[in-house]
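FYI, the numbering just counts along the sequence from 1.
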Amino acid sequence: MKHIVLLIFSFFLCTTLVAQTDEDPVLWSSEWNKVSDTEYELVFRAKIFEGWHVYSQHTPEGGALPTEFTFVKAGTDYELVGETLESKTVTEFSDIFEVDETFFKKEAIFRQKIALLNPDVRQIDANIFYQVCKEVCIQGEYDFNFVLDGGSATVETKALDERSLAMTNALKKDLKNKERLTGEGSVSAKGSGIWGIFGLGFLGGLIALLTPCVFPMIPLTVSFFTKQSQNKSKGIFNALLYGFFIVLIYFLLSLPFHAFDSIDSQILNTISTNMWLNILFFVIFIFFAFSFFGYYELTLPNSWGNTMDSASTKVGGAIGIFFMAVTLAIVSFSCTGPILGLLLGGTVLSEGDLATNLSAGITGFGLALALPFALFALFPAWLNSLPKSGGWMTTVKVVLGFIELGFAFKFLSNADLVGHLGWLKREVFVGIWIILGLLLTGYLFGLFRFPHDGPKKKLSPGRKITAFLSLAFTVYLALGLVNTVDLKLLSGILPPDFYSVYEKKSDCPLGLDCFKDFEEGLAFANQENKPILLDFTGWACANCRKMEENVWSEADIYPIIKEEYVLISLYVDDRKELPEALQFDFQYESGRVKSIETVGQKWGTFQTLNFNAASQPYYVLLSPDLEVLNAAVQYTDRDTYLNWLNTGLQRFNATAMRK
C-alpha cells in the first residue's frame, strides 16, 4: 500500500512535468528487415529524453511495470520466432520500490522475428505498453504498423452495425424549444462553489500547520530567513518568496487533472463514481488513518528530501528558496499527505468541475501553509506567542485519523451504491459512524491510547471541548438512527433514505413514484397527459441527495413533484450492466466510437447528447411531446426551485389549453 500511495503522489508530480512540456519523453520509430521469403525481423526503436528511462520486459516484480508487447493475429497470420530481444540495459536499486530494476537509458531497441503462416499477409500490427520514469513514472502505449510490401498502412476502424445505428438514433431526441434550456431562469450548480472548495482547502492547510511535521518548522524557517539575510527587508522578501513557492508547488499538483476533460465529457464522472476506484480510496484512507494513529510512518523516499535540500544549499537565491519549499513539501508528507488525500477525496465527492475544484482546494491548502511563514517574517515578535510543540499535536493527528476513517467508509458507501452491493445500507453506515464517534470520544477522554501518545497527563480544556463536541455529534447520529431527529445536516453524505435495511414501498427518493427509464416515463406522461420532471442524478451524487432531502422534501414542493409531474430519475453513474441485447456502440460526431455497456453509460451519453451537459443534479422540465418548458436548473435553493416548478407547470397548462 505504501507503494500505491507513492505512485499516486508520483503521478501528480510527473504528469505536471509532462503537461509543462507537452511532449512524450519517449519517441518511437520502427522498421523491418526481410530475412527470407517467409521470415521478417521487426525492429522497435525508442529515443528516450535525457534523465528518463524505459523499463525492460524483464525488470523484477515489485517495482515499476515492465514493457509488454502485443502482436495482433500472432498464431494465425504469422508466428513468433523466439523471444523479443532487447538492447543493452542498466540494473540499479530503486529507493522507491526497494528492489533492483532493469531499464534503458537514452535509447531502447527491441527485435522480434516472425515467420508468415499466411503468404498473403502484407501488414503486421503490434502494440507496446511501457512505463517511462524520471524519479517518478507514467505509463504509455504505442501502436505499430509494419507494411511488408512497402505500401501505406491501413488502420481498421470500427463500423456501427444496423442495431447500433438504430439505438444511437433512438438516443437522440427531437426537443422543441431547446433554446429555453440555457435561457432566462437557468440556474447552475450553486453548492459550496469554487470559493467553498478553496475555503475547505484553506482549512485543511490550517489543520496541517498544527501537526508535528509542520508546526516546529515555522519558527526555525522564519528565523533562518531573518537572521541569514544581509538586512531585515531582504529577510522578509525571502520569507515571502518562500511562501509564494509553497503555494505554487501545491497548485502545480492539480494541473494534470485539467487535461482529462478534453478526452471525454463523461470521464471525470466515470472516475469519481467508479466502484473499484472508490474501493481503492477506501483502502488508502484506512492506511492513512492508521498512520495518523501512530502504527507506522508514511514518508516519501529520504533521497528526494536530501536531493532538494542539497540543491537549495548549492544553488542559492530564488531558485534555492524554491528547492527549500519543495523540501518542506516532501519532509512534511507524512502529515500533509493524508490531509491532501482528504482534500482530493472531498473534491471527488463534490459537484462541479473536478479539476477546477481541485485547483481551488489545493491552492487554498498551500496558501494556509505559506501564510504563517510570511506573517511571522513581517511580525517576528509574534513568534513569542506561538504555543510550544507537545502532545497536543499528537491529539490533532488522532482526530484526523478518525476523520480519515469516516471518509473511508463514505467511499466504500459510494462503491456499494454504484455497484448495488447492499453492504452499507443507510442504517449500517450511520451505525459505523456512531462507533467511530464513540471511539473518538473515548480517546479524547483518555479511556485508551495509541502507540505514539506520550505520558498520560491531565486533560486540557481544548481536549475536553473537542471530546464533548464528538459526543454531541455521536448522539445526533444515534437520534437520527431511531428517527427522533432529521439528519438533514448530513444530506449528500449519508446513503439515500430509500437505501434502507427496512423494506420501502418505493426505491425512489422520499418514497415518490419515479421511472428509471426515459421511454417508460415518457409513455406514462403521454398516457396521463402530465409534464415530465427529468432528473439526471447519481448514486454517489452528494448534491443530488441534498436537493432531495432539503428541497424536494419541503411541504410546498413535495406535493407538486408527486401529483403534478411524472418524475424520471436517470442515474448516470449506475454501473449495472445492460442486458446484452441492449448494449450497443455509440459514435460521436468526431468518429470516435464508445461502447455503451452499462445503465450509467447510456444515460450519461443521453444527457450529453441531448442537453449538452455532464453534471448532476441536472433538472429539465418537458412536456409529453418533448417541448422544453423552462430553463434547466441544477443545485439551487428552495425558493428558486419552487418558482421553477410552478413556471414550468403554468407553461404546460397554457400550451394544453391552446391545443
* To do: Determine, for Lys113 against Glu41, whether the closest basic-nitrogen to carboxylate-oxygen distance falls under 4.0 angstrom.
  => no

* Asked: Near Asp517 CG, under 6.0 Å, is it more than 12 heavy atoms from other residues, nucleotides or ligands?
  -> yes

* Asked: If you measure only the distance, is there a donor-acceptor pair under 3.5 Å linking the side chains of Ser56 and Glu86?
  -> yes

* Asked: Are the side chain of Asp77 and the backbone N or O of Lys73 linked by a donor-acceptor pair below 3.5 Å?
  -> no

* Please confirm whether the backbone N or O of Asn610 pairs with a side-chain atom of Lys178, one donor and one acceptor, at under 3.5 Å? => yes

* Evaluate the side-chain proximity of Val501 to Val428: yes if any heavy-atom separation is below 4.5 Å, no if none is. => yes

* To do: Verify side chain to side chain contact (heavy atoms under 4.5 Å, CB included) between Ile561 and Leu533, making sure each step is shown before the conclusion.
  => CA-CA 8 Å; Ile561 297 176; Leu533 170 54; 4.0 Å; yes

* Quick one: do Arg180 and Glu627 make a salt bridge, cutoff under 4.0 Å? -> yes

* Structure fact -> Tightest non-hydrogen contact, residues Val566 and Gly521, listed as CG1-O, 3.8 Å

* Structure fact -> Taken to the nearest 0.5 Å, the spacing of Phe524 CZ from Leu522 CG works out to 12.0 Å

* Roughly how far, to the nearest 0.5 Å, is the CD1 atom of Ile568 from the CG atom of Leu622? -> 7.5 Å

* Structure fact -> Here the pair of heavy atoms bringing Ser30 nearest to Phe144 is CB-CD2, 3.6 Å

* Identify the two heavy atoms, one from Arg545 and one from Thr537, that lie closest to each other, and give their separation to 0.1 Å. => NH2-OG1, 3.2 Å

* Are side-chain heavy atoms of Gln583 and Glu577 found at a separation under 4.5 Å? -> yes

* To do: Taking the six-membered ring for Trp and the single ring otherwise, decide whether the centroids of Phe409 and Phe429 are under 6.0 Å apart.
  => no

* Asked: Where do Val572 and Gln607 come nearest, in terms of heavy atoms and distance?
  -> CG1-OE1, 3.9 Å

* Once you round to the nearest 0.5 Å, how far does OH of Tyr78 lie from CG of Leu42? -> 7.5 Å

* Mind checking whether Val147 and Arg122 have side chains closer than 4.5 Å, heavy atoms only? -> yes

* **Reference residue Phe611; test ring-ring contact (aromatic ring centres under 6.0 Å, His included); the match among Trp603, Phe518, Phe536** => Phe536

* Parallel under 30°, tilted from 30 to 60°, perpendicular over 60°: which one fits the rings of Phe110 and Phe69? -> perpendicular

* Quick check: does any side chain N or O of Lys530 sit under 3.5 Å from a backbone N or O of Gln527, one acting as donor and the other as acceptor? -> no

* Are a donor atom and an acceptor atom from the side chains of Trp644 and Tyr619 found within less than 3.5 Å of each other? -> no

* Asked: For the atom pair CZ (Phe411) and CG (Asp416), what is the distance rounded to the nearest 0.5 Å?
  -> 14.5 Å

* Is there side-chain contact between Ile128 and Phe44, with heavy atoms separated by less than 4.5 Å? -> no

* Under 6.0 Å between ring centres, would you say that holds for Tyr40 and Trp32? -> yes

* To do: Might you work through the side chain to side chain contact (heavy atoms under 4.5 Å, CB included) test for Leu165 and Phe584, ending with a clear yes or no?
  => CA-CA 8 Å; Leu165 284 172; Phe584 64 101; over 6 Å; no

* Side-chain heavy-atom pair Ile596, Asp585 within 4.5 angstrom cut-off -> no

* To do: Give the C-alpha distance, both sets of side-chain angles, the deciding distance and a yes or no for side chain to side chain contact (heavy atoms under 4.5 Å, CB included) between Val599 and Leu578.
  => CA-CA 6 Å; Val599 172; Leu578 289 166; 3.9 Å; yes

* **Contact check, side chains of Ile532 and Leu621, non-hydrogen atoms, under 4.5 Å** => no

* So how far is it from Leu490 CG to Glu549 CD, rounded to the nearest 0.5 Å? -> 9.5 Å

* Structure fact -> In this structure, NZ of Lys47 is separated from CD1 of Ile109 (nearest 0.5 Å) by 12.0 Å

* Between Arg45 and Glu31, is there a side-chain N and carboxylate O pair less than 4.0 Å apart? -> yes

* Please say whether more than 12 non-hydrogen atoms of neighbouring residues, nucleotides or ligands are located less than 6.0 Å from CD in Glu162. => no

* **Ser164 side chain to Asp161 side chain, donor-acceptor N/O pair below 3.5 angstrom** => yes

* **Tyr618 and Asp535: side chain donor to acceptor below 3.5 Å** => no

* **Thr598 backbone acceptor or donor facing Gln601 side chain under 3.5 Å** => yes

* Look at the rings of His53 and Phe103 and say which category their plane angle falls in: under 30° parallel, 30 to 60° tilted, over 60° perpendicular. => tilted

* Please name the residue in the list Trp28, Phe104, Tyr142 that meets the ring-ring contact (aromatic ring centres under 6.0 Å, His included) test with Tyr130. => Trp28

* Check whether any side-chain heavy atom of Tyr565 lies under 4.5 Å from a side-chain heavy atom of Leu645, and answer yes or no. => yes

* Counting distance only, does the side-chain N/O of Thr67 pair as donor-acceptor with the main-chain N or O of Tyr55 below 3.5 Å? -> yes

* Criterion side chain to side chain contact (heavy atoms under 4.5 Å, CB included) on Leu412 and Leu424, from CA distance to verdict -> CA-CA 8 Å; Leu412 187 61; Leu424 291 178; 3.8 Å; yes

* Evaluation steps, ring-ring contact (aromatic ring centres under 6.0 Å, His included), between Phe606 and Phe586 -> CA-CA 11 Å; Phe606 177 80; Phe586 174 80; over 10 Å; no

* Asked: Under 3.5 Å, is there a donor-acceptor pair linking the side chains of Gln112 and Thr84?
  -> yes

* **Closest heavy-atom pair and its distance - Ser623, Phe652** => CB-CD1, 4.1 Å

* Asked: Are the side chain of Thr102 and the backbone of Thr59 linked by a donor-acceptor contact shorter than 3.5 Å?
  -> no

* Asked: Is there side-chain contact between Leu570 and Lys602, with at least one heavy-atom pair below 4.5 Å?
  -> no

* **Exercise: identify the closest heavy-atom pair between Pro624 and Pro531** => CD-CA, 4.5 Å

